[in-house]
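This report concerns only the one structure given below.
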Amino acid sequence: SALANVGWMTHLSGVSDIAASFVEQSLEIQPDGGIALWYLAKIRFDGLGDAAGAIEPLQRLLDYENLPEELRTEAERLLAEAEGGQ
């Protein structure tokens, strides 16, 4: 969604706490927003240093059957890293 994209751009500009809230709002509106789940996991993991907070959105993302293989591989890698960091 547009709100998720604004969140991602906000994260890229270095304001990850506000970015996370944009993406969380996007998921409240559209809970099955796959790219928003990816953004939220990356923002929490990379931007906020919250490995535990990245696990749930990654697990939800990996439930998608039609997830592009490249994204699935990256999400699985990040999930393993997040779970290992607890």
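We number each residue from 1, following the sequence as shown.
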Pairwise distance CG(Asp46) to CG(Leu78) - rounded to 0.5 angstrom | 6.5 Å

Can you hop from Leu79 to Leu67 via hydrophobic side chains spaced under 4.5 Å?
-> yes

Contacts of Arg77 meeting salt bridge (Lys or Arg N to Asp or Glu O under 4.0 Å) (sequence neighbours excluded), chain-then-number -> Glu74, Glu81

Check Ala82 against Ala51 and note the closest heavy-atom contact, atom names and distance.
-> CB-O, 3.5 Å

Applying the 4.5 Å side-chain criterion to the ILVMFWY set and letting contacts propagate, would Leu40 and Leu3 be lumped into a single cluster?
-> no

Where do Met9 and Val6 land on the side chain to side chain contact (heavy atoms under 4.5 Å, CB included) test, with the steps shown first?
-> CA-CA 5 Å; Met9 296 301 218; Val6 169; 5.8 Å; no

Interatomic spacing from CG in Asn5 to CD1 in Ile35 - rounded to 0.5 Å | 8.0 Å

Set of residues satisfying ring pair (Phe, Tyr, Trp, His ring centres under 6.0 Å) with respect to Trp8, sequence neighbours excluded | His11, Tyr39

Is there a path from Leu12 to Trp38 through hydrophobic residues (I, L, V, M, F, W, Y) whose side chains come within less than 4.5 Å of each other?
-> yes

Excluding sequence neighbours, so at least two apart, what forms salt bridge (Lys or Arg N to Asp or Glu O under 4.0 Å) with Asp17?
-> none

Table please: side-chain donor-acceptor pairs of residues 20-32 below 3.5 Å, with sequence neighbours left out.
residue: Ser21; atom: OG; partner: Ile18; partner atom: O; Å: 2.7
residue: Glu24; atom: OE2; partner: Arg44; partner atom: NH2; Å: 3.0
residue: Ser26; atom: OG; partner: Ser1; partner atom: OG; Å: 2.7

Which pairs pass side chain to side chain donor-acceptor pair (under 3.5 Å) with one or both residues in residues 58-70, sequence neighbours excluded?
-> Glu56-Arg60

Would Ile43 and Val15 show up in the same hydrophobic cluster when neighbours are defined by side-chain heavy atoms closer than 4.5 Å?
-> no

